[in-house]
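Report on the structure given below.
Just follow the structure's listing: the first ligand is 1, and inside any ligand the first atom is 1.
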Amino acid sequence: MIQRGDKMEYIKLCEIYEDLEKNSSRLKKAEILSEFLQKIKHSKNKDIIYLIQGKVFPDYSEKEFGISEQLCIKALAKSSGVSPKEITQKWKKLGDLGKVAEEVMTKKKQGTLFSHKLTTDKVLKNLQRLPDLVGRGTVDKKLSLISELLTSASGIEAKYIIRTLLGQLRIGVASGTIRDSIVETCFKEKTKENIFAVQDSYDKITDFALVFEKACKGIKELQSTALVPGNPLKAMLALKAESVEDAFKKVGKPAIFEYKYDGFRMMINKNKKGEIKIFTRRLDNVTNQFPDVVKYVKEHVKAKSFILDSEAVGYDRKTKKYKPFQDISQRIRRKHHIEELVKKLPIEVNVFDILYYEGKALLNEPFEKRTKLLRKIIKNRKYHLKTAHQLITSDVKKAEKFYKEALDDNQEGVMIKNMESEYRPGSRVGHMLKLKPAENELDLVITAAEYGKGKRVGAFASFTLSCYDEKSKTFKEIGKSSGLKEKSELGLSFTELTKKLKPLIIKEHGRIAQIKPKIVVTILYQNIQRSPTYNSGFGLRFPRIIQLRPDRHAQDAATLKEVVDDYKRHELKIHY
Ligand code: AMP
């Protein structure tokens with residue numbers, strides 16, 4: 001039976017959760033989800049979508065439940081009559097408080113006749129009240145809101161209530177799947193235009209319930225999604241250029257070159273009421289961490305309402321030299337003693353785009369116009385807030401000189417932008433390019449190799465790469481590279497490398513040979529991840545051997561510390 005969404009029984013949603021959890025294919029998940037969305041299509045309240053996301057507020061909201069595992073254990077104990085100690089023991093065994101909740105509530109419900117049914121509306125209402133509880137008695141109030149739900153919950157309902165509270169729904173539904181299901185539910189065809197309209201609307205308002213509501217009304221409604229200064233929108237992302245020439249080829253001439261500042265992204269919003277909010281690339285509200293920026297914005301930007309896109313970059317107060325991003329990353333995360341940090345780690349804001357101005361969205365205006373407007377409304381003040389350093393040129397030599405200046409100025413490289421282009425929130429676009437020196441390079445030692453099959457029988461086809469751990473004075477594995485060719489001008493074919501490695505074999509296990517650490521190679525890689533596969537605890541993604549380093553000893557290879565530093569730098573970069 002088709003139910004109105006706002007009166008839906010929570011158990012029906014839990015059945016969908018179970019289905020989604022069981023099916024790992026993305027297509028299947030989208031199918032399950034769109035069947036479900038069909039059912040709530042005509043409901044007035046589309047907030048159930050938040051529950052599917054494992055939340056009760058839109059993505060842009062900063063509200064948090066503030067619920068610890070300990071509080072969940074207390075609530076469970078109160079509702080089930082099982083002692084907190086026993087619950088904790090079960091938790092240690094099962095590793096998932098959701099499953100523990102399922103077990104204890106199922107047991108409790110056996111034999112009791114219980115008629116009170118939980119609705120999605122009730123779950124949403126109780127959970128939405130949690131973040132606003134402050135002051136005395138907060139814990140007790142939270143406890144009673146949660147217990148009220150658990151007492152009426154069946155086993156599987158309890159499981160998902162607890163998982164939602166802890167922010168670990170584990171049903172594997174990413175935002176791309178939600179987008180696709182909305183398209184399938186609201187449109188006859190899954191055309192590129194329809195997918196884009198849903199995604200674009202989401203990127204502007206980051207609220208799937210609202211997007212779904214608009215999609216139900218049709219594509220026009222989606223396309224008229226308005227920006228709201230104060231609500232975060234997704235930042236536009238860049239593609240890579242290989243060189244200045246390559247950049248001109250891709251964005252045309254003349255092009256706008258700007259410093260690529262080595263800092264972190266800041267989207268600065270001011271609404272009609274004069275309230276200023278600052279968001280990171282991940283849409284975290286960091287306004288409180290940056291009172292200095294709020295002050296600069298008030299002083300140097302002449303407009304009533306706007307959304308600016310910018311990069312904050314650190315500098316040394318004494319030498320006035322720019323600092324790399326990792327030196328100032330603390331400023332984003334630190335929540336206390338902020339004034340102290342403002343003094344210790346000053347930043348300069350470099351504004352490079354404007355997306356909204358005095359009540360109007362500028363997303364579809366050409367970049368040239370937007371960047372000119374910036375120069376009109378911003379009073380540049382070095383080391384506080386200014387427009388990004390820029391060069392408009394068609395000349396390769398001049399552009400290369402500018403690129404070199406950026407690097408000499410301790411920046412990462414340059415951004416190259418097409419003059420006519422629009423601003424597309426959330427998209428990686430071909431009209432904004434980044435150019436920076438290839439930096440993902442490490443010298444590593446080969447410590448094992450695997451014999452190939454077919455044409456490669458008898459020769460090594462895959463090579464295990466290790467770095468040097470100075471603490472234990474041993475080599476630690478961090479990746480495997482295959483893909484060397486049969487012939488190569490650089491002396492780097494797999495047969496040639498095999499010849500060099502064979503005399504160094506220590507022992508063999510099946511097809512794997514352990515190799516004395518001696519041969520050092522330079523490798524290029526995409527990034528580093530944590531990995532249980534290798535004994536360093538880290539793994540390289542897409543490592544490619546590019547050259548031999550006969551001039552290097554094994555101990556000269558990259559150290560584990562360097563690898564960990566690279567990993568941390570990369571992690572921070574992804575987030576900010
Ligand atoms: P990447 O993080 O390597 O993909 O490079 C894109 C990032 O460069 C953006 O997300 C910004 O944070 C940063 N950036 C620094 N300077 C600029 C600039 N002038 N224009 C656009 N993005 C910039």
Check whether NZ of the Lys or CZ of the Arg K320 lies under 6.0 Å from the centre of the six-membered ring of Y383 and within 45 degrees of that ring's axis.
yes
Going by the order shown, which atoms of ligand 1 are within less than 4.0 Å of some heavy atom of E311?
11 (C), 12 (O), 13 (C), 14 (N), 15 (C)
Within 45 degrees of the ring normal and closer than 6.0 Å to the centroid, is that where the cationic atom of K46 sits relative to F212?
yes
Other residues, nucleotides and ligands only: do more than 12 of their heavy atoms fall within 6.0 Å of NZ on K382?
yes
I'd like to know whether ligand 1 has K436 as a neighbour, heavy-atom separation below 4.0 Å.
yes
Going by the atom numbers of ligand 1, which of them fall below 4.0 Å from some non-hydrogen atom of Y261?
15 (C), 16 (N)
Report yes or no: does K417 have a heavy atom closer than 4.0 Å to ligand 1?
yes
Quick note on ligand 1: atoms under 4.0 Å from a heavy atom of K434 include exactly 1 (P), 3 (O), 4 (O), 5 (O)
Result of checking L341, D262, I347 against I328 for side-chain contact (heavy atoms from CB on, under 4.5 Å):
I347
For R281, counting its heavy atoms only, list the atoms of ligand 1 lying under 4.0 Å from any of them.
2 (O), 10 (O)
Within the 3.5 Å criterion, strictly below it, is a donor on Y259 or D409 matched to an acceptor on the partner's side chain?
yes
One finds that the ligand 1 atoms under 4.0 Å from a non-hydrogen atom of Y259 are 16 (N), 17 (C), 18 (C), 19 (N)
Parallel, tilted or perpendicular: which describes the rings of F475 and Y468, with under 30° parallel and over 60° perpendicular?
tilted
